[in-house]
Number of protein chains: 2
Amino acid sequence: MPSAVTDPAATPPEPQTGNSHINEERLAVYFALSEVGALLSHAVEQQLRRDGDLTYVQFQILATLGDSGSGSLRMTDLADRIVYSRSGVTYQAGRLERRRLISRAPSTEDERSTVVSLTAEGRKLLGQVISGHTAVVQRMLFATLSDDDIAVLGAILGRVRDRMRQAPPRSAAPRKSRRAGEAGH
Amino acid sequence: MPSAVTDPAATPPEPQTGNSHINEERLAVYFALSEVGALLSHAVEQQLRRDGDLTYVQFQILATLGDSGSGSLRMTDLADRIVYSRSGVTYQAGRLERRRLISRAPSTEDERSTVVSLTAEGRKLLGQVISGHTAVVQRMLFATLSDDDIAVLGAILGRVRDRMRQAPPRSAAPRKSRRAGEAGH
DNA sequence: TATTGTTATACTCTATAACTATA
DNA sequence: TATAGTTATAGAGTATAACAATA
């Protein structure tokens with residue numbers, strides 16, 4: 001990672017109160033987190049592709065369906081759960097449907113809606129893929145750590161995650177409102 | 001995150017020796033790490049786009065050049081540093097060159113090579129963007145944590161990262177050799 | 001009128017291989 | 001022959017808006 005980030009000429013003009021600002025140690029932690037996240041997601045994506053020829057989003061769709069008791073969801077609800085745009089879900093659902101991993105049918109209750117369902121084939125593939133998924137995570141992430149490490153890591157990351165979820169997207173100027181279409185990365 | 005991952009029918013058939021396998025707590029830690037990584041990188045990408053209309057890869061290119069004393073690198077060296085395919089770097093360099101943030105010129109030493117250089121404009125933009133970059137990381141990641149937390153987190157993640165770097169891509173069957181073309185996500 | 005989902009369009013990015021030129 | 005870089009091609013994914021059907 002470039003150390004240009006620590007260039008004094010480039011640091012923000014905030015008051016340096018000692019522990020309120022980025023320093024070398026914090027940068028190193030940030031880079032470590034970035035790299036671990038990137039390596040882990042890369043490994044997971046490789047595994048998903050190898051074991052099921054699935055992208056991460058496609059896996060998310062199958063897993064979300066598999067997780068919903070009935071195995072079925074409306075397109076909109078699916079999009080909301082995985083935080084993805086509707087047209088994006090339509091596109092991905094089209095690909096999964098071609099492979100017979102899901103099926104789509106109009107809802108009987110509300111004829112505007114489309115209900116997506118996991119097929120038997122889709123459920124089977126999901127089971128196969130999840131097993132490799134957990135194996136990768138165990139090998140890449142947990143094999144290195146003691147139970148204490150895991151507990152501490154979980155406590156810290158849980159706190160950061162909760163804070164991030166609340167954090168407004170900007171310091172000032174709250175956005176008009178969050179639109180579904182913005183969600184798709 | 002779907003709990004289908006914890007479905008007993010889907011767990012790998014490994015011996016459950018107590019601390020060698022994924023359990024609920026570990027899954028929660030994995031999900032927290034994934035979510036923190038995703039939220040952080042999403043926030044960083046938003047910031048880069050907002051403050052400089054740059055993608056992360058483009059920022060990496062500028063930062064890597066800015067970090068190299070001279071502000072210049074060969075295309076191949078640049079590709080190696082940011083772990084990206086050559087044709088991908090050619091494509092991104094084309095975009096950055098159109099915006100006059102970098103320039104390309106044939107090398108005088110080896111006429112096969114192209115030397116990429118940060119322009120004054122590119123250096124200026126880099127400085128502007130980095131300041132927002134560190135601010136985002138401070139706000140999203142470190143504002144929540146004590147100095148102790150940061151130290152512990154750094155120690156654990158550093159260990160995981162070192163291990164991940166060594167880890168062979170598969171359990172068995174080592175690949176023929178790592179090709180540059182594979183690196184570009 | 002609002003909502004659900006699809007489609008059309010255009011653009012970005014990636015992967016692969018072919019290609020030019022220099023060494 | 002090998003290396004450096006570009007280009008051509010095709011495909012995946014995304015964002016936007018327009019659209020038809022239903023509520």
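Quick note on labels: first sequence line is chain A, next is B, and so on, each numbered from 1.
- Linking Ile, Leu, Val, Met, Phe, Trp and Tyr whenever their side-chain heavy atoms come within less than 4.5 Å leaves Ile61(B) and Val115(B) in two separate clusters.
- Checking dT6(D), dA2(D), dA21(D) against every side-chain atom of Thr114(B), the shortest atom distance belongs to dT6(D).
- For Asp80(B) and dA4(D), the CG to C1' distance is 12 Å, given to the nearest whole Å.
- Residue Met75(A) has its side chain nearest to dT6(C) when only dA2(C), dT6(C), dG13(D) are considered.
- Applying the side chain to side chain donor-acceptor pair (under 3.5 Å) rule to Ser107(A) yields no partners; only residues at least two apart in sequence or on another chain are considered.
- To the nearest angstrom, P of dA2(C) lies 13 Å from CZ of Arg112(A).
- A heavy atom closer than 4.0 Å to some atom of DNA chain D occurs in Ser87(B), Thr90(B), Arg104(B), these being the qualifying members of residues 87-111 of chain B.
- For Asp77(A), the side chain to side chain donor-acceptor pair (under 3.5 Å) partners are Arg74(A), not counting sequence neighbours.
- OP1 or OP2 of dT4(C) has at least one side-chain nitrogen or oxygen of Arg86(A) nearer than 4.0 Å.
- The distance from atom CG of Leu54(A) to atom P of dA12(D) is 14 Å, rounded to the nearest whole Å.
- Across the protein-nucleic acid pair, Arg74(A) atom CZ and dA21(D) atom C1' stand 15 Å apart, rounded to whole Å.
- The CZ atom of Arg49(B) sits 11 Å away from the C1' atom of dC11(C) (whole-angstrom rounding).
- Residues meeting the side chain to side chain donor-acceptor pair (under 3.5 Å) test with Glu97(A), sequence neighbours left out: Arg104(A).
- Partners of Gln47(A) under the side-chain contact (heavy atoms from CB on, under 4.5 Å) rule, at least two apart in sequence or in another chain, are Arg50(A), Asp51(A), Val129(A), His133(A), Val136(A).
- Rounded to whole Å, the distance from CG on Asp53(A) to C1' on dG11(D) is 14 Å.
- Partners of Ser103(A) according to the side chain to side chain donor-acceptor pair (under 3.5 Å) rule, which considers only residues two or more places apart in sequence or in another chain, do not exist here.
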